[in-house]
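Structure record follows, encoded as structure tokens.
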Amino acid sequence: MWGWGEAGRNSPSRPPFAQMERVVVSMQDPDQGVEMRNQRLRITVIPHTVAGSDVVDWLVQKYCISEEEALHLGTLLVQHGYLYSLRSPRSLVLRPDDTPYRFQTPYFWTSTLWPAAELDYAIYLTKKNIRKQGALVGHEKEHYDQLHRKINHTWDLVVMQAREQLRAAKQRRKGDRLVIACQEQTYWLVNRPPPGVPSVLEQGPERSSCTAGRVQMTKNTEFYKREMERCRKALTRARVKSSICLEAYLKFSSQHGPHDPIMSGCLPSNPWVTDDDTYWIMNAPSVAVPTKLRVERWGFSFQELLEDPLGRAHFMDFLRTEFSAENLSFWEACEELRHGGQAQVHAMVDAVYQQFLAPGAARWVNIDSRTMERTLEGLQQPHRYVLDDAQLHIYMLMKKDSYPRFLKSSTYKDLLAEAVIPPEAKRRVFPFMRKPRHSSPSPALLPASTSGEPVAAASGPECGDGGT
Amino acid sequence: MDEETVEIQGRIFYQMVAIKDCILVQNLEVHQVAERVEALGQFVMKTRRTLKGHGNKVLCMDWCKDKRRIVSSSQDGKVIVWDSFTTNKEHAVTMPCTWVMACAYAPSGCAIACGGLDNKCSVYPLTFDKNENMAAKKKSVAMHTNYLSACSFTNSDMQILTASGDGTCALWDVESGQLLQSFHGHGADVLCLDLAPSETGNTFVSGGCDKKAMVWDMRSGQCVQAFETHESDINSVRYYPSGDAFASGSDDATCRLYDLRADREVSIYSKESIIFGASSVDFSLSGRLLFAGYNDYTINVWDVLKGSRVSILFGHENRVSTLRVSPDGTAFCSGSWDHTLRVWA
């Protein structure tokens, strides 16, 4: 489950090693990279070191980002083992000061030595143990004991390798020895982090590259015929020019901008910012007097009007005055059918037919003869989409006819005139005096409404009486 | 026409469509149009609530229609319902599986759905009866042959749409658990889906590990449009508020905007300094801003029209795995592998 599959494959959200490596490689460019210097460390001099602050500055320049972002990115590079601190190699942190860092050698990049081998870890821990008895503590001691038990049969090999590596290291110059020790330690800090430190290499569940558990599509003639049809449609589909589409976004965003609390704020105040939930109370699904912004929104599109239960209710009242309320009721009934339970489909289709479509029905809706014919035919074998055509016909009728009249009606104009504009909440004088946050009744507490009620009608709780 | 000929023809058509898509991708028009738009001013958003209570990585969250309650799920199988305004936990249930990658709030606010490595989607009615064990009333609805990656109620509590690692999406009747429609077409795991806010149609978009975003007709089960310009897995898809376009976030560290009427990618949101994958995206109410959570623990805020980044938000201490704007657009909530959820406004 935690495996990454073959190296190089686009595995489940694995860290972007290639991209991080590109960054550190350009950081080491002799001309354009970060300034390198020699760093005195106790009695040795280590070449090719960089200061933490220089790393941050370089990132700021190269990517035109803020210092905060540069520090964040630099820290990620350290956490993934691409840079290590010479003075405190155990801490994977980037300090934006003159703390010296070095770039990890590609040999020890996580992506190079993948996956981290148990045997190598055993050798590493053994070396530590040999160099200084009792040096292994905590999780390293635990791992060491575990590995000793697990690969007991080849432990001689482990000890031999460890001794050999220690011997070879002694032959090196002190500076090199120090550097290699840091490099190796950094690799293991990343690949075997101590408990409590989240591993940057942690992955989600494997996204299977193999097809086990995958629903196979038989690629037979039928499949290709369908694909061809889809491609044919795609090639010949009428496309709108993208500049026209973008104009549409401009229009939509500017029209809705004042209604977007994050863009334009909201009155009296944003509840999350001031802890005052008046905004929600004033915009509750059924409120006596809606706000002006809300009533305005009903004029943006028929869809917006219907989506708001209050708007829909006022529209229904208006339709009653025009003796065409059955249209909206029919539409609502069709919505209930489409989104209702499977077991209720037959009964619902029947009920709708009896109430709205049958000759002499109590609330007969006026559908053109062709649609009616098609619908009646479909009713022979009722399914949840059987009334789609009729529903669409009535929807367009309301949208093109009743809706524009509603917007011009005195009903709507009165609503606009009476609508409230909440005053902006006065700033609290004492910032430390927190307003008590009112709780609100959970929707789950309400008496169960009849199942299958369309969403707009089965709205959220009345926030009007939340708390004291 | 024999099988081989059909196959060859099919492949040719497919290539033609792919080529057509390549030729048309240009961002020039976006910026010409967007030049007329005023630049956004100083942008300040802060963490207003931090929800602590999950003992492990938060993987998914969803808002209730009441604009303040949320449901969240995590790696250790815990699913919690919070009133995020007061930060009180109201319900909690432990699933019998780990990695609960999908959760959703029912439109009525009376139930939640969730699933993950159990390959199922289960619905739990929410109850305040102290004597009742929430897990007792659990209803198993969806059955896939691989992990559940996303789920969403349609316009009512009666139907659920699911996406799975088995490469399919499916529509289920909650009451009976009956499969109403299945959607085949992705060549790999499906990771995300979003329902279209359309007034008349039934469509939804899904994104997968095959780098494709596909738009489906819920009634026929057919794919009506497909987009393949991402260079890696698509982790998240979300419709633009008008329903004419959708945004996607991917492991290739970019977010993209696809227009359905133009039938192509129209904008790409990327920056050289952003090298980690985007895990989840959502629009502000007016569609002007795109919030995207990334695997580098940050949230980037993009100006949808201008294509530029407005702000970067720090705060989480591990990957941001899920992000949703609240139903009335007053805030957005992000969940992270650092075990917390944050509400920003």
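Letters go in sequence order (proteins before strands), and every chain restarts at 1.
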Discussion item. Can you tell me how far apart NE2 (B:H91) and OG (A:S442) are? Round to the nearest 0.5 Å.
Written reply: 5.0 Å

Item to complete: Inspect the contact between B:D233 and A:R207 and indicate whether a charged nitrogen and a carboxylate oxygen are less than 4.0 angstrom apart.
Response: yes

Practice prompt. Specify the closest pair of heavy atoms between B:D259 and A:C245, including all atoms of both residues, with the distance to one decimal.
Written response: OD2-CB, 3.1 Å

Worksheet item: Is any NZ, NE, NH1 or NH2 atom of the basic residue among B:R219 and A:D388 found under 4.0 Å from an Asp or Glu carboxylate oxygen of the other?
Response: yes

Worksheet item: Is the backbone N or O of B:N155 less than 3.5 Å from a side-chain atom of A:E335, with the two atoms forming a donor-acceptor pair by type?
Response: no

Worksheet item: Stepwise, does the side chain to side chain donor-acceptor pair (under 3.5 Å) test hold for B:R69 with A:S440?
Response: CA-CA 10 Å; B:R69 282 175 172 78; A:S440 77; 3.1 Å; yes

Item to complete: Answer yes when B:K67 and A:D277 have at least one side-chain N-carboxylate O distance shorter than 4.0 Å, and no when they do not.
Response: no

Discussion item. How long is the straight-line distance from CG of B:D263 back to CZ of A:R237, given to the nearest 0.5 Å?
Written reply: 4.5 Å

Item to complete: Apply salt bridge (charged side-chain N to carboxylate O under 4.0 Å, His left out) to B:D83 and A:R437, showing your working.
Response: CA-CA 11 Å; B:D83 176 350; A:R437 295 169 184 170; over 6 Å; no

Worksheet item: Which heavy-atom pair separates B:W99 from A:G204 by the least distance, and what is that distance?
Response: CH2-CA, 3.6 Å

Worksheet item: Hey, are A:N270 and B:T330 close enough side-chain-wise for a donor-acceptor pair under 3.5 Å?
Response: no

Item to complete: Please identify each residue that fulfils side chain to side chain contact (heavy atoms under 4.5 Å, CB included) with B:D244, with sequence neighbours left out.
Response: B:S242, B:R261

Practice prompt. Measure across B:A262 and A:R239 and return the closest heavy-atom pair with its distance rounded to 0.1 Å.
Written response: O-CD, 3.2 Å

Practice prompt. Output the distance between atom NE2 (A:H259) and atom CG (B:D328), rounded to the nearest 0.5 Å.
Written response: 13.5 Å

Discussion item. If the condition is side chain to side chain contact (heavy atoms under 4.5 Å, CB included), which residues does B:H339 pass it with, not counting sequence neighbours?
Written reply: B:N56

Worksheet item: Got a salt bridge between B:K57 and A:E202, using NZ or NE/NH1/NH2 to carboxylate O under 4.0 Å?
Response: yes

Worksheet entry | Structural part of A:A238 lying under 4.5 Å from a heavy atom of chain B | backbone

Worksheet item: What's the shortest heavy-atom distance between B:Y297 and A:Q79, and which atoms?
Response: OH-OE1, 3.5 Å

Fill in: Pairwise side-chain contact, A:R338 with B:Q159, heavy-atom cut-off 4.5 Å (strictly under)
no

Discussion item. For B:D296, is there any backbone N or O sitting under 3.5 Å from a side-chain donor or acceptor partner on A:H72?
Written reply: yes

Item to complete: Verify side chain to side chain contact (heavy atoms under 4.5 Å, CB included) between B:Y240 and A:S253, making sure each step is shown before the conclusion.
Response: CA-CA 10 Å; B:Y240 183 78; A:S253 289; 3.0 Å; yes

Worksheet, complete the sentence: So, the part of A:P258 with a heavy atom under 4.5 Å from chain B: the answer is neither

Worksheet item: Relative to chain B, which of A:H256, A:Q391, A:Q255 shows the most heavy atom pairs under 4.5 Å?
Response: A:H256

Worksheet entry | Part of A:R22 lying under 4.5 Å from any heavy atom of chain B | neither

Worksheet item: Side chain, backbone, both or neither: which part of A:Y249 has a heavy atom under 4.5 Å from chain B?
Response: both

Practice prompt. Let me see the working for B:I275 and A:L73 under side chain to side chain contact (heavy atoms under 4.5 Å, CB included), right down to the final yes or no.
Written response: CA-CA 9 Å; B:I275 55 180; A:L73 180 56; 4.2 Å; yes

Worksheet item: Between A:E68 and chain B, which part of the residue has a heavy atom less than 4.5 Å away: side chain, backbone, both or neither?
Response: both

Worksheet item: So does A:E69 pair up with B:R309, basic N to acidic O under 4.0 Å?
Response: yes

Worksheet item: Counting heavy-atom pairs under 4.5 Å to chain B, which of A:A343, A:G265, A:P271, A:P198 comes out on top?
Response: A:P271

Item to complete: Counting only heavy atoms closer than 4.5 Å, note whether A:I262 contacts chain B via side chain, backbone, both or neither.
Response: both

Worksheet entry | Verdict with supporting geometry, A:H80 and B:F276, ring-ring contact (aromatic ring centres under 6.0 Å, His included) | CA-CA 12 Å; A:H80 284 82; B:F276 283 74; 5.6 Å; yes

